[in-house]
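Worksheet: the structure to be examined is printed underneath.
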Amino acid sequence: MEKIIVRGGNRLSGTVKVEGAKNAVLPVIAATLLASDGKSVIRDVPTLSDVYTINEVLRYLNAEVAFKDNNVTVNASRELSVEAPFEYVRKMRASVLVMGSLLARNGRARVALPGGCAIGSRPIDQHLKGFEAMGATVKVGNGFIEAEAPDGRLKGAKIYLDFPSVGATENIMMAATLAKGTTILENVAKEPEIVDLANFLNKMGAKVRGAGTGTIRIEGVDVLFGAEHHIIPDRIEAGTFMVAAAITGGDVLIQGAVPEHSTSLIAKMEEMGVVFIEEAEGIRVLGPDKLKAVDIKTMPHPGFPTDMQSQMMALLLHAKGTSVITETVFENRFMHVEEFRRMNADIKIEGRSVIMNGPSNLQGAEVAATDLRAAAALVLTGLVADGVTRVTELKHLDRGYVNFHQKLAALGADIERITEKEEIIVNEQSYITDLNA
Ligand SMILES: CC(=O)N[C@H]1[C@@H](OP(=O)(O)OP(=O)(O)OC[C@H]2O[C@@H](n3ccc(=O)[nH]c3=O)[C@H](O)[C@@H]2O)O[C@H](CO)[C@@H](O)[C@@H]1O
Ligand SMILES: C=C(OP(=O)(O)O)C(=O)O
């Protein structure tokens with residue numbers, strides 16, 4: 001088992017570069033399946049385990065995929081198969097995003113049911129509602145969802161989402177690109193990653209208008225072509241480093257961070273006393289000596305992002321006063337609270353809210369990551385805890401952060417990542433030193 005070991009107390013300073021966004025690249029790679037002609041080249045792709053997983057899904061579906069030097073090249077011009085099995089969907093829920101492309105391209109898709117995960121039950125009823133409105137018959141059975149378009153082609157429809165789901169907006173948008181007629185999708189997600197996907201689809205020859213607003217209009221076309229695209233910077237990775245700078249009272253330039261993608265986060269951190277300076281290369285973050293308590297409610301974009309909830313919890317534990325975080329997007333995204341408590345945090349859950357009295361006298365402890373962002377949040381807490389923090393279950397971290405501990409170490413953190421065997425050897429060596437003393 002691997003561990004990240006952090007010794008708290010160092011102030012961070014320097015420059016850190018943001019990778020391409022995980023949540024933009026996964027749907028964009030799924031969208032490359034729509035091209036029956038030509039190759040797609042996706043640039044600035046982060047080397048994350050989720051990217052390896054989506055590439056494997058595409059290969060399983062008979063597309064040719066190469067990943068080298070942060071570029072993914074996809075040739076999906078061969079006949080595709082229609083089934084995404086459970087072994088991939090279980091590893092990564094975003095695998096369901098191939099459903100819209102497959103249905104559009106082949107008129108049929110069979111994708112394993114994703115099931116729940118650590119942050120909530122995460123149903124996909126809104127995705128399926130959209131496919132059905134476009135004429136598909138949808139059947140669920142034997143652990144699979146099977147969708148089929150009559151006569152092999154979906155037709156344009158007017159669809160209203162009950163909730164602005166990111167995945168449903170993306171899946172329906174992809175499905176509608178090759179449908180016969182126009183689709184009008186209302187109450188959609190407005191995240192920057194939706195805009196990035198729409199831009200890529202339009203480069204492929206699609207006619208998508210309105211991405212980034214509450215209504216998206218997609219005029220179906222007969223064929224789509226491979227295209228080249230640069231992925232937008234990862235606003236959640238950028239936000240995580242903003243918190244790292246703020247929590248340590250540091251001075252960090254986050255290269256590539258886009259201020260307009262993080263408006264709600266920056267506003268909240270400014271309320272806490274953190275200073276942001278827009279520079280040509282990115283955003284400089286200056287952490288104050290003392291942080292002020294604030295209340296936060298997660299919401300769909302442009303509201304406060306749920307993917308920054310646990311990192312902000314780490315920051316608020318360090319702030320003076322009572323803070324409340326209310327999670328409205330996922331019903332069970334507080335699994336990390338127990339781990340914070342192991343670090344002596346003064347924190348409690350009340351319904352969908354978490355109440356913190358800060359600053360907590362944080363102490364290093366052995367803690368386990370419960371999901372991707374919780375992994376990052378526990379490491380951030382370790383940066384200011386007294387003594388040594390050991391974070392395990394790093395498979396979660398590797399889904400969404402490239403070289404996280406190396407990037408923090410380059411900014412001055414006392415941090416390393418080791419296997420259990422290495423830890424035993426280091427421990428043994430300390431006994432040898434003791435004996436020789
Ligand atoms: C790969 C990716 O981009 N993941 C992001 C995406 O996930 P994802 O696309 O899964 O998130 P959604 O926006 O779809 O989900 C938000 C909420 O809607 C519910 N829901 C969703 C679809 C549906 O058909 N029915 C339904 O009830 C979910 O259970 C959840 O409670 O957006 C989330 C919300 O910003 C982020 O936390 C994830 O990092
Ligand atoms: C919840 C997240 O991702 P996913 O939807 O891929 O689980 C995340 O990025 O924080």
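Source: prediction; values computed, not measured. Note that ligands are numbered from 1 as they come in the structure, with each ligand's atoms numbered from 1 the same way.
- Checking atom 19 (C) of ligand 1 against the protein gives no heavy-atom contact under 4.0 Å.
- Within the 4.0 Å heavy-atom cutoff, Pro123 counts among the residues contacting ligand 1.
- Among all non-hydrogen protein atoms, the one lying nearest atom 2 (C) of ligand 2 is Lys22 NZ, 3.9 Å.
- Given atom 25 (N) of ligand 1, the protein heavy atom at minimum distance is Asp125 OD1, 2.8 Å.
- Close to ligand 1: Arg333, with a non-hydrogen atom less than 4.0 angstrom away.
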With a 3.5 Å cut-off and sequence neighbours excluded, list the donor-acceptor pairs that the side chains of residues 200-221 form with protein atoms.
residue, atom, partner, partner atom, Å
Asn202, OD1, Val208, N, 2.8
Asn202, ND2, Ala198, O, 3.4
Asn202, ND2, Val208, O, 3.0
Lys203, NZ, His229, ND1, 2.7
Thr213, OG1, Gly210, O, 2.6
Thr213, OG1, Thr215, N, 3.3
Thr213, OG1, Thr215, O, 3.0

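- For ligand 1, the polar-atom distance check finds no N/O of Leu26 at less than 3.5 Å from any of the ligand's N/O atoms.
- In this structure, Ile119 is part of the shell of residues with a heavy atom less than 4.0 angstrom from ligand 2.
- Summary of contacts: the protein heavy atom closest to atom 7 (O) of ligand 1 is Arg122 NH2, 3.3 Å.
- The shortest contact between atom 1 (C) of ligand 2 and any protein heavy atom is with Arg333 NH2, 3.4 Å.
- Residue Ser165 has at least one N or O atom closer than 3.5 Å to an N or O atom of ligand 1.
- At least one heavy atom of Arg373 sits closer than 4.0 Å to an atom of ligand 2.
- Within the set His396, Met92, Arg399, Gln309, the minimum heavy-atom distance to atom 6 (O) of ligand 2 is found for Arg399.
- In this structure, Glu339 contributes its side chain and Ala368 its backbone to a donor-acceptor pair below 3.5 Å.
- When each atom of ligand 1 is checked for a heavy atom of Gln126 under 4.0 Å away, the hits are 23 (C), 24 (O), 25 (N).
- Nearest protein neighbour of atom 5 (O) of ligand 2, counting heavy atoms only, is Arg122 NH2, 2.7 Å.
- Residue Asp307 has at least one N or O atom closer than 3.5 Å to an N or O atom of ligand 1.
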